[in-house]
Protein chains: 2
Amino acid sequence: MIRLSRLADYGVVLMTHIAGDAERPCAAHAVAAATRIPEPTVSKVLKALSRHGLLESHRGVNGGYTLARAPSEISVTEIIAAVDGPIAMTECLDADGGACSLETFCPTRGSWLKINNAIRQALDEISLADMIAPTLLFPPPAAPGERRRLIS
Amino acid sequence: MIRLSRLADYGVVLMTHIAGDAERPCAAHAVAAATRIPEPTVSKVLKALSRHGLLESHRGVNGGYTLARAPSEISVTEIIAAVDGPIAMTECLDADGGACSLETFCPTRGSWLKINNAIRQALDEISLADMIAPTLLFPPPAAPGERRRLIS
DNA sequence: GCGAATGAGGACCGCTACAGTCCTGTATGT
DNA sequence: ACATACAGGACTGTAGCGGTCCTCATTCGC
């Protein structure tokens with residue numbers, strides 16, 4: 001029903017992997033090999049993450065990516081936002097808005113904001129450190145690259 | 001970042017409209033005219049909602065749809081689930097799952113479940129009645145039919 | 001200084017799934 | 001009997017996502 005884009009999912013997986021590899025810079029191809037995610041895609045996601053200040057990049061030989069902050073200081077929200085970006089948000093604001101407002105004053109808007117906040121808060125409370133923590137008392141591992149991960 | 005499908009959005013808007021029109025059955029074309037959503041689409045969404053027990057349908061002349069339950073007994077989660085369906089959920093379960101589990105044991109899985117629950121809970125707590133309530137102390141009305149409504 | 005390694009940034013493209021439409025059948029009330 | 005309205009499915013166009021590739025900039029080792 002509510003879905004997370006595949007790339008955003010990748011983003012979280014990649015971040016957790018880099019967080020697990022401590023201080024040494026992780027090259028894109030190394031992370032790709034470890035996570036089994038196609039390398040060009042990994043590169044794309046990592047670039048987005050570094051552009052948004054979640055990763056630091058180091059060029060040249062033995063370069064790669066390192067976390068820009070401590071895992072506990074990075075929320076899942078940030079990761080998702082960095083990869084997927086705040087698309088569509090503007091469409092609701094700068095769009096015509098007249099097609100609906102004419103008859104119905106869209107009373108649902110206020111509630112949507114409430115829902116938005118609730119979800120955002122739930123995501124904000126989970127940091128990258130929480131993702132690394134061994135919460136995997138859970139049965140079978142899921143593929144990180146299935147089509148789309150259901151959220152709710 | 002996390003998006004709601006357009007049809008699910010429609011679902012909520014349509015439900016609130018029908019809830020506002022009390023006991024009288026609302027014909028699909030009437031709801032379409034009121035909400036400015038194309039009629040075939042309205043029909044499609046209403047059919048889905050009734051198939052999932054959120055609406056009751058009445059055929060024949062003067063037929064239409066009525067709420068199956070009180071607005072306070074219908075959660076937003078149900079509406080979204082009825083329209084969008086639990087797609088992709090299975091992909092995570094019945095998929096190969098081996099592409100990832102080989103090297104990384106996908107430690108993120110446990111956290112995802114936690115996030116899922118948090119979001120689900122946030123949505124469950126909001127009923128259709130809450131959506132109708134005059135929470136619209138908010139500035140401008142949003143179009144109900146923009147491309148996609150951002151959630152977080 | 002030169003070359004290899006690696007990230008940066010964009011262009012491009014196929015495919016899937018969503019959104020929308022239409023058609024035929026069925027039920028109900030006048 | 002007929003008009004109205006829902007039921008259920010088939011069909012289709014398309015936007016956006018996921019993925020690939022290419023070129024340039026930067027850094028390190030030799």
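Model, not experiment: these values are computed from the prediction. Lettering follows sequence order; numbering is per chain, from 1.
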For B/A68, give me all partners under side chain to side chain contact (heavy atoms under 4.5 Å, CB included), at least two apart in sequence or on another chain. B/E56

Under the side chain to side chain contact (heavy atoms under 4.5 Å, CB included) test, which residues partner B/K44, sequence neighbours left out? none

I want to verify a distance call: between C/dT21, D/dG18, D/dA5, whose nearest atom is closest to the B/T41 side chain? C/dT21

Name the closest nucleotide to the B/V61 side chain, picking from C/dA4, D/dG19, C/dG29. C/dG29

Regarding A/S50, tell me which of base, sugar-phosphate or nothing describes its non-hydrogen contacts under 4.0 Å with the strands shown. sugar-phosphate

Taking the nucleotide of DNA chain D with the nearest heavy atom to each, does A/P38 or A/N62 sit closer to the 5' end? A/P38

Looking at B/S57, does any N or O in its side chain come under 4.0 Å of the phosphate oxygens OP1/OP2 on D/dA5? no

Respond yes when some side-chain nitrogen or oxygen of A/Y10 is under 4.0 Å from OP1 or OP2 of D/dG18, and no when none is. no

Given that A/G60 and A/R51 both sit by DNA chain C, which one's nearest nucleotide is further toward the 5' end? A/G60

Check nucleotides 22-26 of chain C for protein N or O atoms closer than 3.5 Å to its own N or O atoms and list the pairs.
from	atom 1	to	atom 2	distance (Å)
C/dT26	O2	B/R59	NH1	3.1

Please state whether the phosphate of C/dT6, meaning OP1 or OP2, lies under 4.0 angstrom from any side-chain nitrogen or oxygen of A/H29. yes

Axis deviation across the helix from C/dG1-D/dC30 to C/dT30-D/dA1, five-pair ends, to the nearest 10°: 20°

Does C/dT6 have OP1 or OP2 sitting under 4.0 Å from an N or O in the side chain of A/Y65? no

Just N and O in the side chain of B/R6: are any of them under 4.0 Å from OP1 or OP2 of C/dG20? yes

Can you list the residues that meet the side chain to side chain contact (heavy atoms under 4.5 Å, CB included) rule with A/N62, with sequence neighbours excluded? none

Taking atom C1' of D/dG19 as reference, at what distance in whole Å does atom CG of A/L14 sit? 14 Å

Measuring from the side chain of B/K44 (C-beta onward, heavy atoms only), which nucleotide among D/dT4, C/dG7, C/dT21 has the closest atom? C/dT21

Which value, rounded to the nearest 0.5 Å, describes the distance between A/L14 atom CG and A/S43 atom OG? 10.5 Å

Side chain to side chain contact (heavy atoms under 4.5 Å, CB included) partners of A/E125, counting only residues at least two apart: A/Q121

